Amino acid sequence: MTATSTRPAGALPPHDVTDLGLASEGIRRIEWAEREMPVLRLIRERFERERPLEGLRIGACLHVTTETANLMRTLKAAGADVTLSASNPLSTKDDVAAALVAEYGISCYARRGEDRDTYYAHLNAVADVHPTITMDDGCDLVSLLHSERPGQVSEVLAGTEETTTGVIRLKAMAADGALKFPVVAVNEAQTKHLFDNRYGTGQSTVDGILRASNILLAGRNVAIAGYGWVGRGIASRMNGMGAHVAVIEVDPIRALEALMDGFRVMTVGEAAPWAQLFVTATGNINVFRREHFAAMREGAIMANSGHFDAELDLPALREMAEGHVRDVRENVQEFDIGGKKVNLIAEGRLVNLGAAEGHPAAVMDMSFANQALSAEYVALHHAELGNQVYVVPEAIDAEVARLKLAALGISIDAMTPEQEAYVTSWQHGT
Ligand SMILES: NC(=O)c1ccc[n+]([C@@H]2O[C@H](COP(=O)([O-])OP(=O)(O)OC[C@H]3O[C@@H](n4cnc5c(N)ncnc54)[C@H](O)[C@@H]3O)[C@@H](O)[C@H]2O)c1
């Protein structure tokens with residue numbers, strides 16, 4: 001059984017992808033992911049009937065994965081004109097990019113491994129369609145529009161943002177009065193970060209590290225920098241596979257949480273000579289630096305799951321290696337830093353997308369249901385919103401959870417009228 005493109009040649013939307021010939025593999029994988037995305041499928045069916053995004057141009061800068069393809073299909077079914085570029089040069093799945101163009105008629109600009117110039121050329125191609133709604137993962141499209149295309153900003157009704165790092169950038173823009181349209185922070189939805197960041201990134205980070213290195217985690221010393229939603233997901237999964245996990249934090253409450261969850265807590269300086277595997281998930285820069293690389297053990301492995309490839313001081317690592325860098329496996333580079341060799345997975349970019357397939361579809365089902373419903377929300381309500389960062393309305397969050405439980409065939413209880421009265425009354429005492 002092969003899935004092949006049904007779109008006639010010559011009817012393709014504008015695009016720049018690696019190889020349209022990969023489309024049939026992409027279609028099969030997109031359909032596979034779709035089976036795990038029942039909530040998004042229900043939304044797509046409603047969108048097909050109601051067409052809530054009719055006439056809108058959505059410019060999206062997201063990881064080009066099978067799950068994103070299903071989101072793009074949903075937005076198109078709602079009547080939107082959709083253009084997509086990659087939100088990271090290494091996360092693109094070339095077969096998915098090909099299928100989006102050849103099968104689903106969606107403009108896509110993404111080539112796995114694209115250089116910085118191509119990355120920005122692709123982002124500019126999205127800006128060239130003059131989006132009326134932006135959909136970002138890391139705020140690159142919003143930043144580009146504000147910094148290089150200020151004349152276009154007034155055309156944008158509103159935007160949505162997928163990840164923690166993007167939300168931090170947007171909040172900083174809003175605080176400076178620099179943000180010129182409203183943005184809904186999809187990451188802030190409980191049905192996003194509690195599940196996607198923790199279970200999705202937790203599992204897929206382990207997946208990326210194992211696919212790249214095939215190391216045994218049982219018995220290995222692993223240091224995880226950052227005990228936020230992502231870090232705690234990685235820590236608990238590594239722990240479950242028998243690793244000895246230490247957490248590095250700067251927030252005393254999160255450090256305490258890590259300790260009471262059963263992990264060791266160390267400074268970065270203490271962890272450097274102790275761990276055999278290092279994983280960063282802080283959203284910060286230069287967590288591991290020159291002095292830490294120098295203190296690491298022979299054969300240490302480093303990976304990053306934070307949004308940008310800035311969590312490890314890679315310029316310092318390259319300088320220390322003085323050109324003695326070689327590919328030792330697919331997605332693993334070895335740096336000879338004088339008397340010892342250390343390894344880096346996926347060039348220090350998000351390891352779960354660079355060396356694996358990103359989050360499982362079942363979790364992206366909820367994240368992208370929030371994206372689709374937030375796009376509908378801003379289409380309807382943009383005129384009532386200021387130039388601020390908004391949380392996803394509670395009703396959307398609750399609806400996503402309700403639909404997910406229903407799709408999983410799980411029922412929950414409702415309070416009895418007596419219970420409702422009890423929990424809202426101040427008159428009951430001991
Ligand atoms: N790989 C993926 O697919 C994926 C998915 C979701 C989020 N992310 C990214 O992962 C990063 C973390 O996201 P999150 O939701 O866990 O954020 P979060 O804010 O919940 O957690 C980050 C944690 O890092 C800690 N931290 C900051 N600087 C530190 C330092 N120098 N040393 C040690 N700890 C430090 C903070 O105190 C905080 O507890 C962000 O960049 C986010 O965009 C990646």
Side-chain angles (χ1 to χ4, degrees), residues 61-65 67-68 86-88 90-91 136-140 161-171 185-190 192-209 223-237 246-259 261 263 265-272 275 278-289 292 303-313 345-361 363-364 366-368 370-371:
C61 176
L62 301 170
H63 300 296
V64 181
T65 61
E67 296 81 15
T68 300
S87 57
N88 187 288
L90 263 197
S91 62
D136 251 323
D137 186 331
C139 193
D140 279 352
E161 168 57 52
E162 173 77 5
T163 198
T164 317
T165 288
V167 173
I168 291 168
R169 291 170 86 183
L170 287 163
K171 285 185 175 163
V186 169
N187 187 70
E188 309 297 87
Q190 299 202 61
K192 199 282 184 182
H193 67 260
L194 290 182
F195 303 93
D196 167 316
N197 300 29
R198 182 165 40 171
Y199 305 114
T201 319
Q203 177 172 312
S204 58
T205 296
V206 173
D207 185 13
I209 291 168
I224 297 173
Y227 200 66
W229 295 109
V230 171
R232 68 192 54 203
I234 302 169
S236 70
R237 267 132 204 87
V247 167
I248 300 161
E249 251 299 344
V250 291
D251 177 328
I253 295 172
R254 289 197 156 169
L256 209 50
E257 252 189 303
L259 192 73
D261 283 344
F263 301 113
V265 173
M266 293 186 183
T267 65
V268 66
E270 287 164 344
F278 298 85
V279 188
T280 49
T282 67
N284 211 336
I285 57 164
N286 297 336
V287 178
F288 289 99
R289 306 176 288 278
H292 308 124
N304 165 50
S305 219
H307 189 76
F308 288 116
D309 61 345
E311 305 217 4
L312 302 157
D313 185 356
I345 303 185
E347 301 173 15
R349 298 189 190 277
L350 326 112
V351 64
N352 59 329
L353 283 144
E357 295 174 62
H359 300 162
V363 83
M364 293 313 292
M366 290 190 281
S367 305
F368 284 167
N370 275 295
Q371 280 284 9

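Numbering of ligands and ligand atoms starts at 1, following listing order. Because the structure is predicted, anything quoted here is derived from the model rather than measured.
- At a heavy-atom cutoff of 4.0 Å, ligand 1 is contacted by the side chain of H359 but not by its backbone.
- The proximity of R254 to ligand 1, defined as any non-hydrogen pair under 4.0 Å, is limited to the side chain.
- Less than 4.0 angstrom separates some heavy atom of V250 from each of these atoms of ligand 1: 26 (N), 27 (C), 28 (N), 29 (C), 30 (C), 31 (N), 32 (N), 33 (C), 34 (N), 35 (C), 37 (O).
- A donor-acceptor pair shorter than 3.5 Å can be found between the side chains of H63 and S91.
- When only interatomic distances are considered, the shortest N/O to N/O separation between S305 and ligand 1 falls below 3.5 Å.
- The protein non-hydrogen atom at the shortest distance from atom 10 (O) of ligand 1 is G306 CA, 3.6 Å.
- At a 3.5 angstrom cut-off on N or O pairs, T164 counts as close to ligand 1.
- Nearest protein neighbour of atom 9 (C) of ligand 1, counting heavy atoms only, is H307 N, 3.7 Å.
- Between the OG1 atom of T68 and the CD atom of E162 there is a distance of 7.5 Å, given to the nearest 0.5 Å.
- For atom 22 (C) of ligand 1, the nearest non-hydrogen atom of the protein is T282 O, 3.6 Å.
- Each of the following atoms of ligand 1 lies closer than 4.0 Å to a heavy atom of G283: 11 (C), 40 (C), 41 (O).
- Put simply, CG on D251 and OG1 on T282 are 12.5 Å apart, with the number rounded to the nearest 0.5 Å.
- Atom NE2 of residue H193 and atom CG of residue N370 lie 10.5 Å apart, to the nearest 0.5 angstrom.
- Between D137 and H307 there is a side-chain heavy-atom pair separated by less than 4.5 Å.
- Other residues, nucleotides and ligands place no more than 12 heavy atoms under 6.0 Å from the CD atom of Q203.
- Nearest to atom 3 (O) of ligand 1 among the protein's heavy atoms is N352 ND2, 2.8 Å.
- Residue T163 holds the heavy atom nearest to atom 42 (C) of ligand 1 of all those in T163, D137, V167, T267.
- Ranking the protein heavy atoms by distance from atom 28 (N) of ligand 1 puts N284 ND2, 3.1 Å first.
- Annotation: side chain of D196 is in contact with side chain of H359 (closest heavy-atom distance under 4.5 Å).
- In terms of polar-atom proximity, defined here as any N/O pair under 3.5 Å, V230 does make such a contact with ligand 1.
- Relative orientation of the F263 and Y227 rings is perpendicular, given thresholds of 30° and 60° on the angle between their planes.
- Between the side chain of E161 and the backbone N or O of T163 there is at least one donor-acceptor pair closer than 3.5 Å.
- In terms of N/O distances under 3.5 Å, ligand 1 is approached by W229.
- Side-chain contact between L353 and N88 is absent, with no heavy-atom pair separated by less than 4.5 Å.
- Residue, atom and distance of the protein heavy atom nearest to atom 12 (C) of ligand 1 are A281 O, 3.5 Å.
- For atom 39 (O) of ligand 1, the candidate residues are E257, R349, E249, M364; the nearest heavy-atom contact is made by E249.
- In this structure, atom 40 (C) of ligand 1 lies nearest to the protein heavy atom T165 OG1, 3.3 Å.
- Relative orientation of the Y199 and F195 rings is tilted, given thresholds of 30° and 60° on the angle between their planes.
- Side-chain contact, N197 with N187: a donor N or O sits under 3.5 Å from an acceptor N or O.
- Scanning the protein heavy atoms around atom 5 (C) of ligand 1, the nearest turns out to be T201 OG1, 3.2 Å.
- Ligand 1 places these atoms under 4.0 Å from at least one heavy atom of I248: 33 (C), 34 (N).
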